[in-house]
Number of protein chains: 4
Amino acid sequence: MSEQDNQRGPKFRRRAEARPDEVLDAALDLFITKGFAATRVEDIARQAGLSKGAVYLYFPSKEALMEGLVRRAVAPIASLALHQLEGVEGDPRLAISATLRMVAGKLADPRLIAIPRLIMREVVQFPELAEMYRKEVLEQIIPVAIGLINRGIAEGYLRPVDPELTVRSIVGPIALHLILAEVFRMTPADGLAMDRLMDNHLAILFDGLSLPERAK
Amino acid sequence: MSEQDNQRGPKFRRRAEARPDEVLDAALDLFITKGFAATRVEDIARQAGLSKGAVYLYFPSKEALMEGLVRRAVAPIASLALHQLEGVEGDPRLAISATLRMVAGKLADPRLIAIPRLIMREVVQFPELAEMYRKEVLEQIIPVAIGLINRGIAEGYLRPVDPELTVRSIVGPIALHLILAEVFRMTPADGLAMDRLMDNHLAILFDGLSLPERAK
Amino acid sequence: MSEQDNQRGPKFRRRAEARPDEVLDAALDLFITKGFAATRVEDIARQAGLSKGAVYLYFPSKEALMEGLVRRAVAPIASLALHQLEGVEGDPRLAISATLRMVAGKLADPRLIAIPRLIMREVVQFPELAEMYRKEVLEQIIPVAIGLINRGIAEGYLRPVDPELTVRSIVGPIALHLILAEVFRMTPADGLAMDRLMDNHLAILFDGLSLPERAK
Amino acid sequence: MSEQDNQRGPKFRRRAEARPDEVLDAALDLFITKGFAATRVEDIARQAGLSKGAVYLYFPSKEALMEGLVRRAVAPIASLALHQLEGVEGDPRLAISATLRMVAGKLADPRLIAIPRLIMREVVQFPELAEMYRKEVLEQIIPVAIGLINRGIAEGYLRPVDPELTVRSIVGPIALHLILAEVFRMTPADGLAMDRLMDNHLAILFDGLSLPERAK
DNA sequence: TATGAATGAGTATTCATTCAT
DNA sequence: TATGAATGAATACTCATTCAT
């Protein structure tokens, strides 16, 4: 089999083992761009550089692509934040700041918010995917965060808040910032400005919006 | 002929005036429950209590239903919050608290979050609807909120923050709370607990998560 | 009931008896312009100045409109030519010329070719209409024409031709001229030029295309 | 696996190369038999021996079938008559006779009149098809016929007639004969009798209907 | 493995016809 | 008579999935 044989593919054919991943990449792109329903399997195939029939060699159905997509994304995302939060000592605000800045950085990467966005969009069609994401990602990360907050409270760093609800206060502003940007195209004049958002958010988060009354 | 007679009786029921609204109600229900693509026009018709053909008397296409839905929702939502925020005097934190609690209460009503949820889900298919929502709702409300924050800063109530980004800090936690609940079925053990969320959120928002160092 | 009552109709409401005819006029117009299948009953109603439902007061179905159309057209057309051809004496070529010129004139009137054109177009859907037209129009006229030719032969005016087939030679050129004009938009540079066609046609018809060999 | 196996056996038959042509054959049959509007794409598919979906592999729409039909028919028809008329020498009446008899024979073949009949019927829906037929067929053939007539006149074989209008006199009787037969089921007692028609027509065409006055 | 022709279930939309008013 | 809102059968077209090669 000569070089000519590779005519219509990418420069060189990837090892077959990478195929399912290429299909998932293509599917993710298109599901994000056009939604699940409006994406044709043939589009995915073409974008992945193989034929419609071949997609079915790797995934038994279009729905299986969705599941595969989430399944693939779940593990690395979960471990990502855990390593940041586990085993930190001292002032938990430092850990929160650092982790949040790291997470915010990651989330600005379209490939990484893609999965939760996809789930948010298609949750009515695929409720089991939301559940999987919850179990594999959220329920791994949130308890760690809660533990951190609890420790912060116990050690006198943090006000005695409800840790579970406080997670919303920590992450919510970033989530809303991204939604406004992605869904409604509303960003500050200088773009996504994630750094400025984080500065502003962390300042308020830790020290509050109220101006300390000086002359007390 | 009594009222009961109209229940499901004759083949032809006559113009109800409210028909378009009934159709939109049905469409909203189903679009939320199943998504736009998976909802059949016939389902909408049945749910609205009329025939498939009749839907087309009021709306020229399935897409027009989506547009009609957003268009109908846009005006009242916008005016809702504006009346809360305009013309308030004194400590803006009181206005923010009151408005936020009101908004949070409204958003717990499924009919009201329905539209933004729908837009978030279908934005790739109907980007113009997101834009309409932005113009008619978000760009009406947000500047008022920004104005309030600016006044609060000027009058010495609030820390000198970036008002535009601070809006994310004010509303974000509520948004995330709702997303976790609606999309991922993650609520506190006692349910949506919106009141507790608001208490916790406002405490942090205004006074910060950090415990004031007393004995310093 | 005052003048005001007539608001939305034509200047004054026609006598009700004329209604069916108005409906047929409208139907003919539209069937010719758009074809039977592509014409909506509502279009006919609107063009006739009444409501969709009212059409069904006069005609039980859309197909009945077609039938009514042909039925109405049949009688006058038939009698038209008959009066020209019956009881003429002397050289039948004069009668043929006169009648043909008259017929050609009539056929240039869009309202009059409309019916045969309509039948030609819709014959597969309504074969019984073609049959009706044949019985009521063609089989009335053609025998008279044949009789005329036969007399012309017997009296030594005409060559001994097949009268039935000769009818095609007499009328065919006009038919083709109209088809080329109507269907394929092919007319001489100066328009339909029906007079010139008739002159040319009759010259050939009676005296032949061949140049008489003079010097014989 | 024998030829018989393809009769109607497996669910999937494989690319026959001739598929588009088979689909057009089926479409022509049905369009002629039932008209364009009354023919369902599924009927065409069944008649062509494949599935509805497969039709759309070859033609993007039902209308494209019409266009394909005319496009396919156009070239051979045009060249057909041209070869008859071009380059003939001597008495043009011989060429006219021969060509006309040939054309008449062809037109008696249902497959060949099918296209012009179809165009005549559907011209209001598809005016561009009539135009295509005019350009590709009529405007190819008619000028050649006109040239032949002009030569006949110049060489003293024919009377000085208008060549463009004379084409109607040459072809019209055949056209009308076919219309009477096809549309109105009016044929001579012995059937279509095309030969007798041609004899009668050509006799009149060349020598006229008038009996030469012998005793002159 | 890989292809892509073929299948056929599924759905938005149209429009003749009905009927309450 | 007259209206036009309402009905629902009918149909073009799409696309996930299959399978002969």
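Naming: A, B, ... by sequence-line order, numbering from 1 per chain. The structure presented is a predicted model; accordingly, all values stated were derived computationally and were not measured.
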Asker: What integer distance in Å separates B:L50:CG from F:dG4:C1'?
Answerer: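 These atoms are roughly 16 Å apart.
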
Asker: Over how many whole Å does the gap from A:R46 atom CZ to E:dG4 atom C1' extend?
Answerer: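 That distance rounds to 12 Å.
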
Asker: Assuming nearest nucleotide by heavy-atom distance, tell me which of D:P60 and C:S51 is located more 5' along DNA chain F.
Answerer: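 Between the two, 5'-proximity favours C:S51.
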
Asker: Under 4.0 Å: is that the gap between some side-chain N or O of C:Y58 and OP1 or OP2 of F:dA2?
Answerer: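 True: C:Y58 side-chain N/O within range (under 4.0 Å) of F:dA2 OP1/OP2.
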
Asker: Can you tell me whether the side chain of C:K52 and the base of E:dT17 have a donor-acceptor pair closer than 3.5 Å?
Answerer: yes

Asker: Identify, between D:A54 and C:E42, the residue whose nearest nucleotide on DNA chain E lies closer to the 5' end.
Answerer: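 It is D:A54, whose closest nucleotide lies nearer the 5' terminus.
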
Asker: Under 4.0 Å from any atom of DNA chain E, heavy atoms only: list the residues of residues 26-40 of chain C that qualify, in numerical order.
Answerer: C:T39, C:R40

Asker: For Watson-Crick and G-U wobble pairs within 3.5 Å on both distances, what is DNA chain E written in dot-bracket notation, | included for inter-strand pairing?
Answerer: .||||||||||||||||||||

Asker: How do C:V55 and D:E63 order along DNA chain F: which one's closest nucleotide is nearer the 5' end?
Answerer: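 That would be C:V55.
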
Asker: Contact between D:L28 and D:L65 at the side-chain level, heavy atoms closer than 4.5 Å - yes or no?
Answerer: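 Not touching, per the 4.5 Å side-chain cut-off.
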
Asker: Quick one: B:L57 CG to F:dA6 P, roughly how many Å, whole number?
Answerer: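 So the two atoms are 6 Å apart, to the nearest Å.
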
Asker: Rounded to the nearest angstrom, tell me the gap between atom CD1 in D:I44 and atom C1' in F:dC13.
Answerer: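 Interatomic distance, CD1 of D:I44 to C1' of F:dC13: 13 Å.
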
Asker: In whole Å, I'd like the distance from the CZ atom of B:F59 to the P atom of E:dT13.
Answerer: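 The distance from CZ of B:F59 to P of E:dT13 comes to 13 Å, rounded to the nearest Å.
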
Asker: Walk me through it: do D:R72 and D:D25 pass the test salt bridge (Lys or Arg N to Asp or Glu O under 4.0 Å)?
Answerer: CA-CA 10 Å; D:R72 177 180 71 162; D:D25 289 343; 2.9 Å; yes

